[in-house]
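Worksheet for the structure shown next.
Residue numbers begin at 1 in each chain, while the letters A, B, ... track the order of the sequences.
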Number of protein chains: 2
Amino acid sequence: MTRSIVGLRCVRFVAKRLLSFPRVVHGVNVSAVTDSLDWDHVEPPAARRLVQGAIDAFAERGFQATTTRDIASRAGMSPAALYVHYPSKERLLFEISLYGHNAALEILRSADTGGAPADRLRSLVAAFTAWHARHHTIAHVVQYELNALSPEHLAEVATIRRAISAQIEQVLTDGVQDGSFAVPDLPGTTLAVLSLSIDVARWYTPHRGDPDALGKLYADLAHRMVQA
Amino acid sequence: MTRSIVGLRCVRFVAKRLLSFPRVVHGVNVSAVTDSLDWDHVEPPAARRLVQGAIDAFAERGFQATTTRDIASRAGMSPAALYVHYPSKERLLFEISLYGHNAALEILRSADTGGAPADRLRSLVAAFTAWHARHHTIAHVVQYELNALSPEHLAEVATIRRAISAQIEQVLTDGVQDGSFAVPDLPGTTLAVLSLSIDVARWYTPHRGDPDALGKLYADLAHRMVQA
DNA sequence: GTCTATACATCGATAGAC
DNA sequence: GTCTATCGATGTATAGAC
């Protein structure tokens, strides 16, 4: 008896998964929109599916317009099941935003391999830009859903954002010091360089070209903005 | 009798206005956030107050998180009164978005006064950037609430957006032609120049400096990005 | 850990008096 | 053209069975 119930449940679950993937919304296939960022650290798999569904939904409609029903449905479960894994919709956003911010910072840090300031800047901008293109879905959530975070959670990601900004500013400072850069307004130019990459998350879609090629172009443009 | 009722209403109305202005939200005074863009063409004044309240609310919380009650309250009227002037919340957004896009395009066109491509580019970028800073509230709505528009309304503003893009691209094309610019990737660089200015609407607040000074800085950076 | 069912609040928009 | 009152839909989150 118990076995048959379990069996029925499994079948039902599989059927639901098959029915819900791929999904077509407004004529556009939005299945597996979530990019290749690793979410393996999220356990159990049901929680991971929720995170991936939430990223897609938040990027597509925005946090406020996304319903918990939508997120749960993308993860192949009922609305109530969401609350077993996350205490609120906002908490789900926070987990995504926090991990996304850390991933972006890590990309920047691992791209800063030393050498001449010009080479470092080019490497940083190329990596940061390509990340925003390649992971445009989560990048969109990271950059444009900040005001949906609670004040406490916002403060936490703001710390990471300051570290990201500091990473760029340091390279510009070094370049000014050794004379390879001419930067009249250091904070303003730092923000402009960041802006260039961040705004990619607003407009990028896969059909707009290769992320690495875009990174190279933007590295070029950023370098020209500051070179002496 | 009739007179006394009218009198009472006027008093009540004035009292409501005094109570609702200035407003403090989350410890921040948000009164008269709406910038100096002319909304004199919106008649009657009640409709104008709705537009101004909606701009502030949309920029502050986003379209989806803004309630019609909030908009009406900022305009000093009841929720129902909104529907006398606008048939829906989305229509209010569309009016704002349409006028904002047209204003931005007009700024660009009037800044393009001829001369050398370098001077034209600097003038365009300075004006477009300063506009996004000075009118950052409506610019935020213009740039970041597009997906809340109906498909038909989105198509209409998209036409204006293409004209804005074309204006920048033309200057770059002219500069390449006369040899003053070196632009390997014309569409990509056009987008990058636009990005720089547009992203201002994401981060700008009045305490971050003078819009015109920012415009000059960005004109400089954009020029350096493309000069031969 | 997932389900069905639902509590409870709030939203966009409407009805009808004045 | 503004109000009060409210409809019907929908949202987040919870209760309790399994």
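- Between D70(B) and R74(B), at least one side-chain nitrogen of the basic residue sits less than 4.0 Å from a carboxylate oxygen of the acidic one, meeting the salt-bridge criterion.
- Below 30°, between 30° and 60°, or above 60°: for F63(A) and F58(A) the angle between ring planes is between 30° and 60°, a tilted geometry.
- Y86(A) has its OH atom 17 Å from the C1' atom of dT2(C), to the nearest Å.
- H135(B) is not listed as a side-chain neighbour of V142(B), based on a closest heavy-atom distance of 4.5 Å or more.
- Aromatic ring orientation, F128(A) versus H132(A): perpendicular (interplanar angle above 60°, classes split at 30° and 60°).
- The nucleotide whose nearest atom lies closest to any side-chain atom of P44(B) is, among dG1(C), dG1(D), dC3(D), dG1(D).
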Which letters describe nucleotides 9-15 of chain C, given B = protein heavy atom under 4.0 Å from base, S = only from sugar-phosphate, - = neither? --BBBBB
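- Straight-line distance from the CZ atom of R61(A) to the P atom of dT10(D): 14 Å, rounded to whole Å.
- In this structure, H85(B) atom NE2 and dC3(D) atom C1' are separated by 12 Å, rounded to whole Å.
- Side chains of R202(B) and R202(A) form no contact here, defined as non-hydrogen atoms less than 4.5 Å apart.
- You'll find the side chain of Y99(A) stays beyond 4.5 Å of the side chain of I96(A), heavy atoms only.
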